[in-house]
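The structure appears below as C-alpha cells.
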Amino acid sequence: MENSFDPHRIEQTLYDEWENASYFAPSGNGPAYCIVIPPPNVTGSLHMGHAFQHTLMDALIRYHRMKGDRTLWQMGTDHAGISTQMLVERQLNAEGRTRAEVGRDAFVERVWQWKEASGSNISRQLRRMGSSLDWSRERFTMDDGYAEAVLEVFVRLFEDGLIYRGQRLVNWDPQLKTAISDLEVESSEEQGKLWHFRYPLLGGATTKDGKDYLVVATTRPETMLGDSAVAVHPDDERYRSLVGKRVRLPLVGREIPIIADDYVDPEFGTGCVKITPAHDFNDNEVGARHDLALINVMAEDATINGNAPAAYQGLDRFEARRRVVADLEAQGLVELIEDHKLMVPRGDRSGAVIEPLLTDQWFVKIQPLADPAIAAVENGDVEFVPKQYENLYFSWMRNIQDWCISRQQWWGHRIPAYYDEAGQVYVGRSETEVRQQHGLGSGIVLRQDSDVLETWFSSALWSFATLGWPDETADLEVYHPTDVLVTGHDIIFFWVARMIMMTLKFTGEVPFRKVYIHGLVRDAEGQKMSKTKGNGLDPLDLIDGVSADELVAKRTSNLTQPQMAPRIEKQTRKEFPDGIPSYGTDALRFTFCALATSGRDVRFDLNRIEGYRNFCNKLWNAARFVLMNCRTEDGAAVDPDGAAEYSLADRWIRSRLHHLLADSHRALDTYRFDLYANAVYDFAWHEYCDWYLELTKPLLWSESTTPAALRGTRRTLLTVLEALLRAAHPIMPFITEAIWREVAPLLGNDRPTIMLEGYPESGDFDADAEADAAVDWLKGVVLGIRNIRGEADIRPRQTVDVLFQGGSERDRQLATATEDLFKRLATVDAIDWLEPGAAAPANALALVGDLKVMVPLAGLIDLDAERTRLEKEIGRKHQEVGRLQGKLGNAGFVDKAPAEVVDRERQKLADAEAALHTLREQVAALGNA
RNA sequence: GGGUGUUUAGCUCAGUUGGGAGAGCGACGGCCUUACAAGCCGUAGGUCGCAGGUUCGACCCCUGCAACACCCACCA
C-alpha cells in the first residue's frame, strides 16, 4: 500500500468491477428494500444537491444491502419538458433557426437526439459518486412502457371525471407561450408604480364631494383596455349612491357599470377598483359573481389584440402601458402616480412576467385525489422525517386548487385527446380506440390535441410506473410500496404530494412509507448556489480537483447576465486562489453525511471536506500499520492459528466497537447520517488509532510477549479493522473496499467484495465494562502525565520517572497490569510507589481519583510553572466545590431530587473536596521546596 | 397578512426522557516519536439570542420579545 491515500487509484476501477459483477442488482431472499431515485433531468448534469441526496440514498441502500435485504435502488431519468425544450431551442437559435421553422416532428426528433447524446453525462456522474444504482433497470419518463403508464393514467382519470378541459384564467408565460401551474410561478417584490386614473361618471352622477369622475388605482394600466366594471365596497358610504350607475372607460369608450363587492378594501387607495376579469385572478372571481364580460385584450405573446382599440393593437404589453398612461395624461385623466412595491409573478424557467390569460387548458380535479392523500399522512401510512414537514404538506393539500396539466410545448407526453371538425373532444388510448369506442368512421377527420402534459404529471407516477405498471409485475408485488423517498423540501408540492395522490389512486398503496427531507446545499456563506451568482461548486471538481482558471471559466461561461462575470471572477479567485484540490469521492460523501443534520440547509465548507479527506488518509494508514504487523512479506497472515490470549486493550477496543455498532444502527435507522458519520469518525480516529494502535505497540514490539498474546492482539487488530470497514462502507465505499480486500483474506475470508458482506451487528462484539473502566483509568493517568509534560515543556523524547502514592487496591492492580502500556504512552522510565504518608521529593502532581501521580521536578520542571499549573487546577476544583456545596445546601434539592441524584452529587463533592485539599497541600509543599 | 425553522466556543454545527455543555475546523505552545506532518502531544475559548414563568434544579418545558432564513397568500 502507498503511504498516503490516493482516491484516484481505486475509485474508477472498483466501480467498474462492482457494476460488471452486477453487485447493484437485488439479490437474496431477505425482506425487500427499495428506494426510487428522484429522477434527474436526463440532459442535466450533477449538482451539489444531487451529490448530497445520492450520498444519503446510497448510504441507506448499501446499509440495507449489507443487512441482507433484497435491495433495489431504482434508476431513471426525467424528460424535464420545459427545460429540455428550452435548451434545444437555444441550440437551434444559436444556429440561426427557430423552432417554428424546423417544425414539430423534426424538433422532437432533435430533442431525442440530444437526449441520446447527453443522457450518459448524468449517468457517468452518478457513477463517480459511487452510487450503487441498479443500472440494468434504468427507466426514462418517456420510454415506451412509461408512456403507456402515462396514457393509461390520463385516460382513466378522464373516464372517472377527474380530468376536464375548460377555458379558464391560467398563469401564462408569454415568453415560452405556454400555461404553467401555480407552483411554477415565483413571486417576488419589485419596485413599481401605482397609477390613479379618472373614469368619468355618466348620466350626470357625481361623487359626494362633487366630482364627476371616479378615481381608480392600478399597477397594470394596460389592462384597463379590458375593464368590465368599477367596484366599490358595498358599505362604503362615499360611493353607495353610485352603485348601479355607470362610468365611461377612457380610451376605449365603453360604458361599464359601478358594482359593489366585498372584495374591495375601502381603506386601500381610493376605494374604487377597476375590474378586468380576463386579466386578473381576483377580478375574474368578481366578474363571475356579477356576470361581467370577459374581455381578453392580449394575445399569446402578450401583445395587445384586436379586442382593444386599434391604436394599441399589436403593441407589446409594456409599450401599451406607456401609451395608455401617456394618452390618459394627454386627456387630463391621470390623478396621481406614486411609487409602489408590488409582488411580481415570474415563470420559474423563463423569468418572464406571468400574464393571467384566458385559454383552453386541461385540468385535474384535485380534491378527490387530495383527500385520501391527506388521510395517508394523517394516519401514518406515510411519515415525513423530520415530522414538521407534514404541516407544510397539510397546509398545501388542504388548500389545493385544480391542477393545470396541459403545456403548449412539443417535448413531452402528447395529450391523448382527439377533436373532430366540430370541435367535439374524444379521449382514448389511441386514435383507433377512440374511433372504435365512439363509432367514428374513417370519413371523420380527427386531430390530436397539440399540447403535452406537464412533466410533473408523469413524474407523479414514478414509484409504480418504474416497476412495470400498468402490468401487474412481480417487481410491483415485491418492491411497492417503496421504503423511503429521499428528497429536498423544495419539491414536496411539485412531486411528493402529487406522487402520493396518483399512487394511491392507481395502486391503492402509498408510494413510500417514509419521506426523508434533507436540506438544501448552500455555499460557505449560506448563500444558495446558483449559476447567476456564480457561487456554485461542481461535485466532480471536489472529487477530481480544479484549477482556479478552470473554475473561473466554468463559473463565468454562458451567463444570462454576462455583466456579472468580472465580479464572479474576483470573488472566485479570492475564495479559491489556488483552485480546489482533489479530495476524492469518499471524502465528499463523508462530508455530506456529516452535514446532514435533521432537515436543515447545509453550508458546504472546504474546511470540512479537507478534514474528511484527512480522515480517509488516517484510516488508510491505520490499515497500513495493521497489515505491516499482521502480514508476512509474501502476503500471508502472520501466525494465524493456535490459541490466542486477549489483552485488556483487545477487550477494550472490541467493547468500544460494540458501542459504535449500536450507535451506527440507531443512527442509520433514524436517518441521522450526521451521528452515524461522527460515530465512525470518532471510533476510528480517537479510539482505534489514538489509543488502541498505540496500546498494541509495546506488546507487538516486546521480546517478552507470549505467542498467544501476540495472536490475540493481531487477531483483534484485524478483526476490529475489518468490522470497522464494513461499518463505514455505506458512507465511504471505495476506501473501505480497497482496504478490505487486503484485510479480509488475513482472516480467512476470500469472498470478493465488502459490498455484499453483512453489516456488523453490535452483538458480534461483547460490551466489556471492566475493560472500559480499566482503559479509562489508564487514559486518566496518561493524560495526567502528558498534561504535566506539556505544561512544563518537557521534550517528547525526554523520559521522566513517576511516583504513585495513595489510591486504592484497584489502583495498584491497574497500575501493575498496565505498567508497560503506561510507560510507553506517557514516555515514562521508572515507576515507584511511595507508602502512604511518606515524604515525596519536590514534584509535579496529577490526581486520578485519590491516586497521586507525581513527576519529580529533578531539574526538569520549573517550580513557578508548576505552581501556576496547580493554581489553575485549584481554581477549577474550588469552583466545583462551591457549586456542589450550594446545590447540596439547598434543602429543596436534598428533599425533592431523586436519592440517587443526591448521592451522586454528594460523592462528587467529597471527591472534589479531597482533591482540593491534596492540591493545596501540594502547593504548600512546593513553597517549602 | 398567515405559517415554519434557526439563534450554543472565533467559524460550522451536535446536545437523545430536565441533573451545571461537546465535536470538527481555526487559534496558541511543543514535536519529523520506525502507520500517518493529510500527522502527534498539550493549552486556551461559552451568562447556551433577550425577558419572564414552571421546577429542588432549565440549553432542554411554557409565555412574550428580538434578529435572521424560508414557505404560503388576491390587496388593486
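Letters go in sequence order (proteins before strands), and every chain restarts at 1.
Using cut-offs of 30° and 60° on the angle between ring planes, the pair A:Phe384 and A:Tyr393 is tilted. Between A:His340 and A:Phe268, the ring planes lie perpendicular to each other; the angle is over 60°, past the 30° to 60° tilted range.
Across all strands shown, A:Asp690 has heavy atoms under 4.0 Å from sugar-phosphate atoms exclusively, and none from any base. Residue contacts shown for A:Arg797 are limited to sugar-phosphate atoms, with no base heavy atom under 4.0 Å away. Nucleic acid contact class of A:Arg906 (heavy atoms, under 4.0 Å, all strands): none. Contacts of A:Trp195 with the nucleic acid, taken as non-hydrogen atoms under 4.0 Å apart, are absent. If you check every strand for non-hydrogen atoms under 4.0 Å, A:Gly192 touches nothing. Contacts of A:His340 with the nucleic acid, taken as non-hydrogen atoms under 4.0 Å apart, involve only primed sugar atoms and P, OP1 or OP2. Using a 4.0 Å heavy-atom criterion, one finds that A:Tyr389 contacts no nucleic acid atom at all. Across all strands shown, A:Cys616 has no heavy atoms under 4.0 Å from either base or sugar-phosphate atoms. At the heavy-atom level, A:Asn890 lies under 4.0 Å from the strands shown only through sugar-phosphate atoms. Residue contacts for A:Arg666: at a heavy-atom cut-off of 4.0 Å it reaches no nucleic acid atom on any strand shown. Using a 4.0 Å heavy-atom criterion, one finds that A:Asn607 contacts the sugar-phosphate atoms exclusively. Within 4.0 Å of A:Val626, counting heavy atoms only, lies no atom of the nucleic acid at all. Using a 4.0 Å heavy-atom cutoff across all strands shown, A:Lys697 reaches at least one base atom of the nucleic acid. Contacts of A:Leu783 with the nucleic acid, taken as non-hydrogen atoms under 4.0 Å apart, involve only primed sugar atoms and P, OP1 or OP2.
Using a 90° window around 0 for the glycosidic torsion, B:rG45 falls inside it and is classed as syn.
A:Arg904 has no side-chain polar atom (N or O) that falls below the 4.0 Å cut-off from OP1 or OP2 of B:rG19. Close to B:rU4, at under 4.0 Å from its OP1 or OP2, lies no side-chain N or O of A:Trp396. Using a 4.0 Å cut-off, no side-chain N or O of A:Lys528 falls inside it from OP1 or OP2 of B:rC70. The phosphate of B:rC13 has neither OP1 nor OP2 within less than 4.0 Å of any side-chain N or O from A:Arg608. A:Asn391 has no side-chain polar atom (N or O) that falls below the 4.0 Å cut-off from OP1 or OP2 of B:rG3. A close approach under 4.0 Å does not occur between any side-chain nitrogen or oxygen of A:Asn614 and OP1 or OP2 of B:rC36. In this structure, A:Arg220 does not reach the B:rC75 phosphate: none of its side-chain N or O atoms is under 4.0 Å from OP1 or OP2. Considering only side-chain N and O atoms, A:Thr597 lies under 4.0 angstrom from the phosphate OP1 or OP2 of B:rA14.
In this structure, A:Met343 places its CE atom 10 Å from P of B:rC71, rounding to the nearest Å. Following rounding to the nearest Å, A:Arg603 (CZ) and B:rG5 (P) show an atom-to-atom distance of 19 Å. B:rG3 atom C1' lies 15 Å from atom NE2 of A:His489, rounded to whole Å. Going from atom CG of A:Asp348 over to atom P of B:rC71 covers 12 Å, rounded to whole Å. Between the P atom of B:rA73 and the CG atom of A:Asp182 lies a distance of 7 Å, rounded to the nearest Å. Distance OH (A:Tyr199) to P (B:rA76): 16 Å, rounded to an integer number of Å. Protein atom CD of A:Glu866 is 17 Å distant from nucleotide atom P of B:rG42, rounded to whole Å. The CG-P distance, from A:Asp829 to B:rU33, rounds to 19 Å in whole Å.
Donor-acceptor pairing under 3.5 Å, judged by distance alone, is present between the side chain of A:Glu694 and the base of B:rA35.
The CG atom of A:Leu588 lies 13.0 Å from the CZ atom of A:Arg613; values are rounded to the nearest 0.5 Å. Separation of atoms OG1 (A:Thr223) and CG (A:Leu225) is listed at 8.0 Å; rounding is to 0.5 Å. Here the CD-CG distance, from A:Glu687 to A:Leu695, works out to 11.5 Å after rounding to the nearest 0.5 Å.
Atom C1' of B:rG19 sits at a distance of 30 Å from the matching atom of B:rG10, rounded to the whole Å. Of the P atoms belonging to B:rC61 and B:rG1, the separation is 28 Å, rounded to the nearest Å. Nucleotides B:rA23 and B:rG46 are separated by 15 Å at their P atoms, to the nearest Å. Comparing B:rC62 with B:rA44, their P atoms sit 36 Å apart, to the nearest whole Å. If you take atom C1' in B:rG52 and the same atom in B:rU16, they sit 28 Å apart, rounded to whole Å.
Of the candidates B:rG29, B:rG19, B:rA76, the closest approach to any side-chain atom of A:Val273 belongs to B:rA76. The nucleotide whose nearest atom lies closest to any side-chain atom of A:Ala622 is, among B:rA76, B:rA35, B:rU33, B:rA35. Considering only the side chain of A:Arg600, B:rC13 comes nearest among B:rC13, B:rG19, B:rA35. In this structure, the nucleotide among B:rC41, B:rG19, B:rG5 sitting nearest to the side chain of A:Gln388 is B:rG5. Candidate nucleotides B:rG20, B:rA44, B:rC74 were compared by shortest atom distance to the side chain of A:Arg876, and B:rA44 ranks first. Nearest to the side-chain atoms of A:Arg624 among the listed nucleotides B:rG15, B:rA35, B:rG24 stands B:rA35. You'll find that the side chain of A:Trp685 is closest to B:rC40, out of B:rA38, B:rG19, B:rC40. Set against B:rC36, B:rC31, B:rU43, the side chain of A:Asn621 has B:rC36 as its closest nucleotide.
Between A:Asp402 and A:Arg168 a salt bridge is recorded (basic side-chain N to carboxylate O distance below 4.0 Å). With respect to A:Asp586 and A:Arg589, no salt bridge is recorded, no charged nitrogen being found less than 4.0 Å from a carboxylate O. A salt bridge links A:Asp864 with A:Arg867: the closest approach of a Lys/Arg side-chain nitrogen to an acidic carboxylate oxygen falls below 4.0 angstrom. For the pair A:Asp605 and A:Arg603, the salt-bridge criterion is not met [side-chain N within less than 4.0 Å of a carboxylate O]. Remark: A:Lys533 does not engage A:Glu525 in a salt bridge, criterion side-chain N to carboxylate O under 4.0 Å.
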> Dot-bracket, RNA chain B: Watson-Crick or G-U, under 3.5 angstrom, [ ] crossing, | other strand?
Replying inline: (((((((..((((.....[..)))).(((((.......))))).....(((((..]....))))))))))))....
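Aromatic ring centroids of A:Tyr583 and A:Tyr612 lie 6.0 Å or more apart.
Judged by distance alone, the side chains of A:Asn787 and A:Arg869 do bring a donor and an acceptor atom under 3.5 Å apart.
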